[in-house]
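A quick write-up on the structure given underneath.
In what follows, chains carry the letters A, B, and so on, assigned in the order in which the sequence lines appear, proteins first and then strands, with residues in each chain numbered from 1.
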There are 2 protein chains.
Amino acid sequence: MALGVDYAAQQCSVARTLEVVGSRWTLLIVRDCFFGVRRFSDLREHLGVSRAVLAERLAQLVDDGVLVRVPSGGREAYDLTAKGLALWPVVVALLAWGDEFSAPDGPRRLFSHAACGTDLDRAGACPACGTSPSPYDVEMRPGPGSRGPQGPGKVSAALQERRRLLESI
Amino acid sequence: MALGVDYAAQQCSVARTLEVVGSRWTLLIVRDCFFGVRRFSDLREHLGVSRAVLAERLAQLVDDGVLVRVPSGGREAYDLTAKGLALWPVVVALLAWGDEFSAPDGPRRLFSHAACGTDLDRAGACPACGTSPSPYDVEMRPGPGSRGPQGPGKVSAALQERRRLLESI
DNA sequence: CAGGTTCGGTCTGGTCACCGAACCGTTGTG
DNA sequence: CACAACGGTTCGGTGACCAGACCGAACCTG
């Protein structure tokens, strides 16, 4: 991780993972990528992170093979790679814990299996199908804990719509 | 999180969770608690974190209800609360990702369901029973990626033994 | 093509978190 | 009682993070 980038002698896989995604903002950037935020300015608007840090994190994530930088309509965009998509269970686990202990009004977002419409359980699995759908097959919509868009920006507004994960905003 | 503790306006559960466990070392401390490390000096020996930071993190985790401080044989110890135990899926998800992408020799540790002896899958579920066992019912042992104790300390040595999770070292 | 705007960054100066090392009070132990 | 181990706290030094200024390239706009 940044923050004194290495957990030195740690061989443990948890530490190895945190070296990649353990820095401040990194996992929130990854989360936003799952939500379809792909552009520098959109990430900046939605996260409120400083330009310098965002640039550094994106470069690091590209370096680590979590994201790829792709030109898109004359501008740059960042897409999750297979390695990045594999972080979905991490995001789900963090989300579930936050929903359970820090969301008194209930989840702010709900996720459902697009194929069958069933809401996912806390582990990210579809109770009806008995499988854990890929994020491509997951739909997101506001939940009871939602208090409307959190900011005035177009990204916050877009994330209030029912939408498919990974679909570009 | 420390590191400029708050993700400000972020209402998202992922951000809320990271405010609690997103600081450097925090999740490694929690991981060690699952492994049975309970004492200040043992955590320090195993993690190599500075005294000041460890003290601050432990105090914060107790404040946040993830750990409880309990006297144990005249000394202090830290135990996971129910809220802390609920972080098991987060640790499992990070572990799985690290095993998949940063462990060329295979996992350093393997986990099995104590009740039936079956190895857990990447999601932390028991393929034989079809359930995700509580960490109390999980046994840990060295895997193919293990290169022996990573340090000379008694904690590193103890973690090379086959042992039940959460069992005090 | 001149002038302005948007985008995706880099640079800078200040602040705050992290680090190693030293210090300190309490609790066993010989 | 001397002494060590434990669980911290305190203290400079270093480096990460922040907001804000600056900058080059691409794209309108007239």
Side-chain angles (χ1 to χ4, degrees), chain A residues 1-10 15 18-29 32-33 37-63 67-79 153-155 168-169, chain B residues 1-10 15 18-29 32-33 37-63 67-79 153-155 168-169:
Chain A
M1 48 189 338
L3 314 168
V5 162
D6 60 332
Y7 285 119
Q10 300 281 342
L18 290 174
E19 280 176 23
V20 178
V21 297
S23 311
R24 186 152 158 72
W25 299 112
T26 305
L27 272 170
L28 293 182
I29 292 169
D32 272 14
C33 290
V37 185
R38 304 170 68 223
R39 300 247 311 256
F40 188 93
S41 52
D42 288 345
L43 286 164
R44 193 169 137 62
E45 168 193 322
H46 189 231
L47 294 173
V49 60
S50 83
R51 293 171 178 285
V53 171
L54 180 56
E56 187 193 315
R57 291 293 180 277
L58 289 172
Q60 191 60 56
L61 286 168
V62 169
D63 250 30
L67 300 179
V68 262
R69 190 166 181 263
V70 294
S72 157
R75 303 295 179 187
E76 306 304 328
Y78 296 87
D79 284 341
K154 72 180 168 81
V155 178
S168 186
I169 284 187
Chain B
M1 47 186 339
L3 315 167
V5 165
D6 59 333
Y7 285 118
Q10 301 281 340
L18 290 174
E19 281 177 24
V20 177
V21 298
S23 311
R24 189 153 156 71
W25 298 114
T26 305
L27 272 169
L28 294 181
I29 292 169
D32 272 13
C33 289
V37 186
R38 303 171 70 223
R39 300 245 314 252
F40 187 94
S41 52
D42 288 345
L43 286 164
R44 194 170 134 62
E45 168 193 321
H46 188 233
L47 295 174
V49 59
S50 82
R51 293 171 177 286
V53 171
L54 180 56
E56 187 193 314
R57 290 292 180 278
L58 289 171
Q60 191 61 55
L61 286 169
V62 169
D63 250 30
L67 301 178
V68 262
R69 190 167 179 257
V70 293
S72 157
R75 302 295 178 188
E76 306 303 327
Y78 295 87
D79 284 341
K154 70 178 168 81
V155 177
S168 186
I169 285 185

Open item on the list: Just the rounded figure in Å: distance from P of C:dT6 to CZ of A:R44.
Closed with: 14 Å
- [ ] In whole angstrom, give the distance that lies between atom NZ of B:K154 and atom P of D:dA5.
- [x] 13 Å
- [ ] Supply the atom-to-atom distance B:R51 CZ to B:L43 CG, rounded to the nearest 0.5 angstrom.
- [x] 12.5 Å
Is there any protein nitrogen or oxygen under 3.5 Å from a nitrogen or oxygen in nucleotides 22-30 of chain C, and what are the pairs?
none

Task: Length of the CD-P vector between B:Q60 and C:dA17, whole Å - done: 12 Å
Task: Atom-to-atom span, CD of B:E76 to P of D:dT9 - whole angstrom - done: 11 Å
Task: Atom pair distance, as rounded to whole Å: CG in A:L58 and P in D:dC17 - done: 14 Å
- [ ] Spell out, as yes or no, whether a donor-acceptor pair under 3.5 Å connects the side chain of B:R24 to the backbone of A:G22.
- [x] no
TODO: Report yes if a side-chain nitrogen or oxygen of A:R39 is closer than 4.0 Å to either non-bridging phosphate oxygen (OP1 or OP2) of C:dT6; otherwise report no.
DONE: no
Task: Between P of C:dG20 and CG of B:L47, the distance in whole Å - done: 12 Å
Task: Close side-chain approach of A:I29 to A:L54, heavy-atom, < 4.5 Å - done: yes
Open item on the list: For B:A77 and A:V49, find the nucleotide of DNA chain D closest to each by heavy atoms; which residue's nucleotide sits nearer the 5' end?
Closed with: B:A77
Task: Presence of B:W25 side-chain N/O under 4.0 Å of C:dA17 phosphate oxygens OP1/OP2 - done: no
TODO: List in chain and number order the residues that pass salt bridge (charged side-chain N to carboxylate O under 4.0 Å, His left out) with B:R69, two or more places apart in sequence or in another chain; answer none if no residue qualifies.
DONE: B:E76
TODO: Check whether any side-chain N or O of B:R69 sits under 4.0 Å from OP1 or OP2 of D:dG8, and answer yes or no.
DONE: yes
- [ ] Hey, could you give me each pair passing salt bridge (charged side-chain N to carboxylate O under 4.0 Å, His left out) that has a residue in residues 38-50 of chain B? Not counting sequence neighbours.
- [x] B:R38-B:D79, B:D42-B:K154
Task: Residue that, paired with B:Y78, satisfies side chain to side chain contact (heavy atoms under 4.5 Å, CB included) out of B:D32, B:V37, B:V62, B:L61 - done: B:V62
TODO: May I ask you to verify if any side-chain N or O of A:S41 is less than 4.0 angstrom from the OP1 or OP2 atom of C:dG8?
DONE: yes
TODO: Please determine, for the side chain of A:A55, which listed nucleotide (C:dG9, D:dT9, C:dC18) has the closest atom?
DONE: C:dG9
Open item on the list: Side chain of A:F40, heavy atoms from C-beta onward: which of C:dG8, D:dG8, C:dG20 has the nearest atom to it?
Closed with: C:dG8
Open item on the list: Distance check needed: C:dC19 C1' versus B:R24 CZ, whole Å only.
Closed with: 10 Å
Task: Distance, rounded to the nearest Å, where B:L54 contributes CG and C:dA17 contributes P - done: 18 Å
TODO: Identify which nucleotide among C:dA17, D:dG8, D:dT10 has an atom closest to any side-chain atom of B:A52, counting heavy atoms from C-beta outward.
DONE: D:dT10
TODO: Using side-chain contact (heavy atoms from CB on, under 4.5 Å) as the criterion, list what pairs up with A:Q60, not counting sequence neighbours.
DONE: A:D63, A:D64
